[in-house]
Every structure is written in structure tokens, then in C-alpha cells.
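The residues of the chain are indexed from 1 along the displayed sequence.
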Amino acid sequence: MPRWSRGFDVDAAAKHLRRVDRELGAWMRRIGPIEANVQWRRPFDPVDALARAILYQQLSGKAAATIVSRVEAAIGSDRLHADTLGRCDDLTLRGCGVSGNKLLALRDLARREADGEIPTLRQMSVMDEDAIIAALVPIRGIGRWTVEMMLMFRLGRPDVLPVDDLGIRKGAQVLDGLDAMLPPRALSERGEIWGPYRTYASFYLWRIADFATPAAKPVKRSQS
């Protein structure tokens, strides 16, 4: 069974992308090198990361960080897991600022962890991207985009293209000089040429989108 390492050779990825896509290669030269993500080598706890992703959804970073710090104080831990979240009742977590929907999502995550349904980091190392997505999207409050961000920024998988991401779609529109953004299915087909380094191509698509709309607030892409 193949084992996936965390991260990939960004130099090899850049060389490949410049070779297969002249337009993207021109933008890559304009933007400059994008370094390997430092999070690829940092300790990583999937359950804790998913819990924090739930708490950060649809909030500003400052507001979400305040709620997370309150939850950590309430449970007496900086590790959000079934055992620690179980130290507080629903009313206490609601008092920390956790919405009703997010509370249900946290409880569902905790239940699934306790039942052994959440793959560990070791288990993920022998799972392909589709298997990881299939294992995690049934969790309440966790969608495909959230898992794709984990795959790209935490697990360092080299061949992920989040076709539903607005920044990715905007970057591809600018790249190809289109009047409108491609729908997800068409973007997936367009991105086949970038494999097996679609993650690195995505990093550049986000930068291209930012270049095209310098006054706009960049789309949030990574998890806390």
C-alpha cells in the first residue's frame, strides 16, 4: 500500500507547470517562486483541526479566535477532542459564543471520533485524497472545501484542485482571459493538464486572482 508523505517538491512542480502550460508559466515568472508551506512539517491533529475549522466558519479571524479561546478555557485544554469537549455541557459551550449549528457539528465530530470514524494522521498517510474526502465530509459542518484545504495546507498533497473555490475560479478566468468564470466541471477538465501538481497550480491561481483585483480582500484559503 503506497504511503503519502506530507508535502512535495515545489521546484519539480514549478518545472512541470511551466512546461505544460505556457500561460501559467508566464504568470509564474511574474509572481515569482512560491515556497513550500511550512505547515507541511508541523505536528498536525486532524480532529482538533476539524473542530477549529468548524468554529472559524463564517466569522472573522478575530471573532473566531475569541470564541476558540473561550472554549479552550471552558474545557481546560487547547486540544479540541471528544474527551475534552465532553467536559462541558451544551449551555456552557453556547455561552462561549458557539452557535447552535456549530455546537451540533462539534458534537457530531466528537461522536464520530469516539466511534473511530475519523482517520488518524497515520491512517491518512495511506489514504488517497478521495478516500479522505469521503471519510470526512459526512461530518456535520464539514464540506468538501474544508477537507481540500486540509489536504493542501496541512497534509501537503500535491494534486488537489478545489474547483468550487471562488479564488481558484477567478484565477483561472484571468489566466485564460475569459469573460466569465468556468463552472467547476469545466475547470476540473481545464486543470487536468496541471496534474500531478494541481495543488501548486492552485497556489498560483489564488495569486493571479489577487493580482487581478488588488483592491479586493483576498479569499481566505487556509485553516487555523
(message) Determine whether a donor-acceptor pair (N or O, by modelled atom type, separation under 3.5 Å) exists between the side chain of Thr199 and the backbone of Val160.
(response) yes
(message) Given 3.5 Å as the limit, does a donor-acceptor pair link the side chain of Trp40 with the main chain of Met152, or not?
(response) yes
(message) Is there a side-chain contact between Leu161 and Trp194 in this structure, where contact means two heavy atoms from C-beta onward sitting under 4.5 Å apart?
(response) yes
Exercise answer: donor-acceptor pairs, residues 8-15 side-chain atoms, under 3.5 Å, sequence neighbours excluded:
from, atom 1, to, atom 2, distance (Å)
Asp9, OD1, Asp11, N, 2.9
Asp9, OD1, Ala12, N, 3.1

(request) Could you tell me whether the side chain of His16 reaches within less than 4.5 Å of the side chain of Asp21, counting heavy atoms only? (result) no
Mind listing the side-chain donor-acceptor pairs of residues 91-98 below 3.5 Å, one per line with the distance, residues two or more places apart or on another chain?
from, atom 1, to, atom 2, distance (Å)
Thr92, OG1, Asp89, OD1, 2.7
Arg94, NH1, Val98, O, 2.9

(request) Would you indicate whether the side-chain heavy atoms of Leu85 and Arg107 approach each other to under 4.5 Å? (result) yes
(message) Any carboxylate oxygen within less than 4.0 angstrom of a Lys/Arg side-chain nitrogen, looking at Lys170 and Asp165?
(response) no
(message) Does this structure show an ion pair linking Arg157 with Asp128, if we count only N-O contacts that are shorter than 4.0 Å?
(response) no
(request) Side-chain contact test, heavy atoms from C-beta onward, threshold under 4.5 Å: evaluate it for Asp45 versus His81 and give yes or no. (result) yes
(message) Using modelled atom types and a 3.5 Å cut-off, is there a donor and acceptor pairing between side-chain atoms of Arg41 and backbone atoms of Arg6?
(response) yes
(request) State, yes or no, whether a side-chain contact exists between Leu106 and Leu55 at a heavy-atom distance under 4.5 Å. (result) yes
(request) Answer whether the closest heavy-atom distance between the side chains of Leu166 and Met181 falls below 4.5 Å. (result) yes
(request) Give a yes or no answer on whether the side chain of Gln173 reaches the backbone of Asp179 with a donor-acceptor pair at less than 3.5 Å. (result) yes
(request) Could you tell me whether the side chain of Glu113 and the main chain of Ile118 form a donor-acceptor pair under 3.5 Å? (result) no
(message) With a 3.5 Å distance limit and no angle check, can you tell me whether Tyr56 reaches the backbone of Ala63 through a side-chain donor-acceptor pair?
(response) no
(request) Compare all side-chain heavy atoms of Tyr197 with those of Ser202 and state whether any distance is below 4.5 angstrom. (result) no
(request) Going by the salt bridge (Lys or Arg N to Asp or Glu O under 4.0 Å) test, name the single residue among Arg79, Arg87, Arg52 that passes it with Glu72. (result) Arg52
(message) Is it the case that the side chain of Arg140 and the backbone of Leu103 share a donor-acceptor pair, with hydrogens and angles ignored and the cut-off at 3.5 Å?
(response) no
(message) Measuring centre to centre across the rings, with the benzene-like ring taken for any Trp, is Phe203 within less than 6.0 Å of Phe153?
(response) yes
(message) So which atom in Gly141 and which in Ile54 form the shortest heavy-atom distance, rounded to 0.1 Å?
(response) O-CG1, 4.4 Å
(message) List the residues meeting salt bridge (Lys or Arg N to Asp or Glu O under 4.0 Å) with Arg112, not counting sequence neighbours, and say none if there are none.
(response) Asp108, Glu117
